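Here's the structure, in C-alpha cells; my notes come after.
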Amino acid sequence: MENHFKVNGLEPVSETLLATVYWRSLESKKSQGIIKDPKSIEIVNQINYDFSQYDCPLNQALIAIRTEIIDEFVGNFIAQYPQTTVVNLGTGLCTRFFRLDNGSINWNGIDLPIVKTIWHSLLGETERHRYFSYSALDLDWMIKVKETRPNRVLFIAEGLLMFFSEIEVRYLIQNIRDNFANSELIFDSLGMLLAQYSRHKLKVLGNGRLYRWGIDDLAEIENWGTRIKLINQWHYLDRHKTRLGWLGLLSYLPLLRKQVKIGHLRFS
C-alpha cells in the first residue's frame, strides 16, 4: 500500500526526518547514486506528504555523502565488534540498521515521543532494533540502554548536535563518557561560519530550524574534559566533487571546507 500514512504534529527540528529520508530515497533511485537505501524508498512511498518542497539536488548530494561516510565507519566498527550495541541519538527515520545489520548487533534509536508513532508505523521495533522515547538531552535513556547490558557501545549523532547549544553538546558528550566506558561517538557538525549564518538568516532553513552549534576545529572537543579523544574526521567536500558542482570547488578553501564535517570521538 502506498501513500496511506499521514504525518502530523511534528516540530520544526523533528520535521527534518522527512527531508533526509526523502533525499536518501531520491539518491537511491539514481543508477550511479552515492548510496543505495531501498528502505528509504519504501518509507517515502508509504507517506502521504508533499515532499516536493524538499527538492534540492545539492542537499540531496550532501546528505548522501554524510550517509556514505557514516555507513562506512559504522560498517567497519560492526565488522570489528560484531555484537556491538549502537545508540542512534535523534534517530528520526534512520534506516542504517537495515543496511548494516549483521544478525547480532543491538540497535537503539533515541528520539522524541512525537516521533515514536511515525517510527513504529514505518520501521517497527524488534528485540534487536528498539526505540526509546526521550530527548537526547534527557539522560534517562542511558538507564534504558544500560538495562540491555551492552558490552561495547557506539553512539551516532547524525543531523542532531547542530541544533543544540555548545553547553548542551558538552553536557551530552561528557555524560556519554562518564556513563559508557570505552564507548565511541561518530557525529556530524557545522563550522562556525555556517552556524552563524543560520542564526542571522533564519530563513536559510525555514520553519525555525535554527543551527545553534558550530565548531571549526574538532580537536577543541578534547579540551572539554579528560578521556575524550578525537580519532578522525572527514570533510564532505572532499568527496564526489562533480556532484557538488560549484560547492566542490570550495574544498580548496580551508575555511569553507571545514563547514560540513564528521568527527569520531573515543572515550577512554
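Note that the coordinates shown come from a computational prediction; the quantities given were computed from them, not determined experimentally. The basis for the numbers below is simple: all heavy atoms, side chains too, and nothing from hydrogens, waters or symmetry mates.
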Acceptor/donor pairs from residues 150-162 side chains to any protein atom, 3.5 angstrom cut, sequence neighbours excluded:
from	atom 1	to	atom 2	distance (Å)
R152	NH1	N182	O	3.4
E158	OE1	R96	NH1	2.8
E158	OE1	R96	NH2	3.3
E158	OE2	R66	NE	3.3
E158	OE2	R96	NH2	3.4

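Residues L244 and L58 meet the side-chain proximity criterion, which asks for heavy atoms closer than 4.5 Å. V86 has its side chain out of reach of F77: every pair of non-hydrogen atoms, C-beta onward, lies at least 4.5 Å apart. L237 places none of its side-chain heavy atoms less than 4.5 Å from the side chain of I65. T226 places a side-chain heavy atom less than 4.5 Å from the side chain of R177. F180 is listed as a side-chain neighbour of V145, based on a closest heavy-atom distance under 4.5 Å. With contacts defined as side-chain heavy-atom distances shorter than 4.5 Å, the pair R130/K144 does not qualify. In this structure, I176 and M142 have side chains that are in contact, with non-hydrogen atoms separated by less than 4.5 Å. Under the 4.5 Å side-chain criterion, counting only non-hydrogen atoms from C-beta, T20 is not in contact with L93.
Between R227 and D178 there is a salt bridge, since a side-chain N of the basic residue sits under 4.0 Å from a carboxylate O of the acidic one. The pair E72-R239 counts as a salt bridge, with a side-chain nitrogen and a carboxylate oxygen less than 4.0 angstrom apart. A salt bridge links R266 and E184; the closest N-O separation between the charged side-chain nitrogens and carboxylate oxygens is under 4.0 Å. Using a 4.0 Å cut-off between a side-chain N of Lys or Arg and a carboxylate O of Asp or Glu, K30 and E27 do not qualify as a salt bridge.
Considering all non-hydrogen atoms of both residues, S28 and R24 come closest at OG-O, 2.7 Å. What you find for T91 and N88 is that their closest heavy atoms are OG1-ND2, 3.1 Å. Nearest heavy atoms, C94 versus L123: O-CD1, 3.7 Å. The two atoms that bring S104 and P82 nearest to each other are OG-O, 2.8 Å, heavy atoms only. Shortest non-hydrogen contact noted between G124 and W119 is O-CZ3, 2.8 Å. Nearest heavy-atom pair across S25 and V44 is OG-CG2, 3.6 Å.
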Q.
The test is side-chain contact (heavy atoms from CB on, under 4.5 Å); show your working for Y22 and D55 and say whether it passes.
A. CA-CA 9 Å; Y22 177 61; D55 286 338; 2.5 Å; yes
Q: Could you please spell out the steps behind the side-chain contact (heavy atoms from CB on, under 4.5 Å) verdict for I221 and L265?
A: CA-CA 9 Å; I221 296 176; L265 298 178; 3.8 Å; yes
Q | Working for side-chain contact (heavy atoms from CB on, under 4.5 Å), residues V169 and W224 | A | CA-CA 10 Å; V169 176; W224 291 0; 3.7 Å; yes
(Q) Assess the residue pair R99 and T95 against the criterion (side chain to side chain donor-acceptor pair (under 3.5 Å)); give the C-alpha distance rounded to whole Å, side-chain angles, the decisive distance to 0.1 Å, and a yes or no. (A) CA-CA 7 Å; R99 295 193 298 276; T95 52; 2.8 Å; yes
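Not one N or O on the side chain of Q46 forms a donor-acceptor pair closer than 3.5 Å with the backbone of L122. Between the side chain of S121 and the backbone N or O of I118 there is no donor-acceptor pair closer than 3.5 Å. Within the 3.5 Å criterion, the main-chain N or O of T85 finds no donor-acceptor partner in the side chain of N106. Distance alone, capped at 3.5 Å, is enough to place a donor-acceptor pair between the T126 side chain and the H129 backbone. Between the side chain of T84 and the backbone N or O of Y81, no donor-acceptor pair lies under 3.5 Å. Between the side chain of Q80 and the main chain of N76, no donor-acceptor pair closer than 3.5 Å is present. Listed for the D216 side chain is a donor-acceptor partner under 3.5 Å among the backbone atoms of M192. Panel note: side chain W141, backbone A136; a donor-acceptor pair is recorded below 3.5 Å. A donor-acceptor contact shorter than 3.5 Å links the side chain of R128 to the backbone of I105. Under the 3.5 Å distance criterion, the side-chain polar atoms of R149 are left unmatched by any main-chain donor or acceptor of K146.
One finds the NZ atom of K36 at 13.5 Å from the CG atom of D71 (value rounded to the nearest 0.5 Å). Residue N175 holds its CG atom at 13.5 Å from CZ of R170, rounded to the nearest 0.5 Å. In this structure, F187 CZ and I173 CD1 are separated by 5.5 Å, a value rounded to the nearest 0.5 Å. Separating the CG atom in L185 from the CG atom in L89 is a distance of 7.5 Å, to the nearest 0.5 Å. Y236 OH to R257 CZ: the interatomic distance, rounded to the nearest 0.5 Å, is 13.5 Å. With values rounded to the nearest 0.5 angstrom, I262 atom CD1 is found 4.0 Å from I69 atom CD1.
In this structure, Y49 and Y54 have parallel ring planes: the angle between them is below the 30° cut-off, well short of the 60° mark.
With sequence neighbours excluded, the residues forming a side chain to side chain contact (heavy atoms under 4.5 Å, CB included) with S133 are P113, K116, Y131, listed by chain and number. Every residue meeting the side chain to side chain contact (heavy atoms under 4.5 Å, CB included) condition with Q233, not counting sequence neighbours, appears here in chain and number order: L218, L230, H235, K261.
Both L139 and F164 sit in one connected hydrophobic cluster of ILVMFWY residues. Membership requires side-chain heavy atoms under 4.5 Å apart, directly or through other members. Two different hydrophobic clusters hold Y171 and I143 under the rule that ILVMFWY side chains link at heavy-atom gaps under 4.5 Å. In the hydrophobic cluster analysis, where Ile, Leu, Val, Met, Phe, Trp and Tyr join through side-chain heavy atoms closer than 4.5 angstrom, L250 is grouped together with L193. A continuous path of hydrophobic side-chain contacts links L256 to W246 [ILVMFWY only; heavy atoms under 4.5 Å]. The cluster map of Ile, Leu, Val, Met, Phe, Trp and Tyr, joined by side-chain heavy atoms under 4.5 Å apart, puts I41 and V21 in different clusters.
Counting non-hydrogen atoms of neighbouring residues, nucleotides and ligands closer than 6.0 angstrom, the NZ atom of K241 exceeds 12 such neighbours. The 12-atom threshold is exceeded at CD of E166, counting heavy atoms of other residues, nucleotides or ligands nearer than 6.0 Å.
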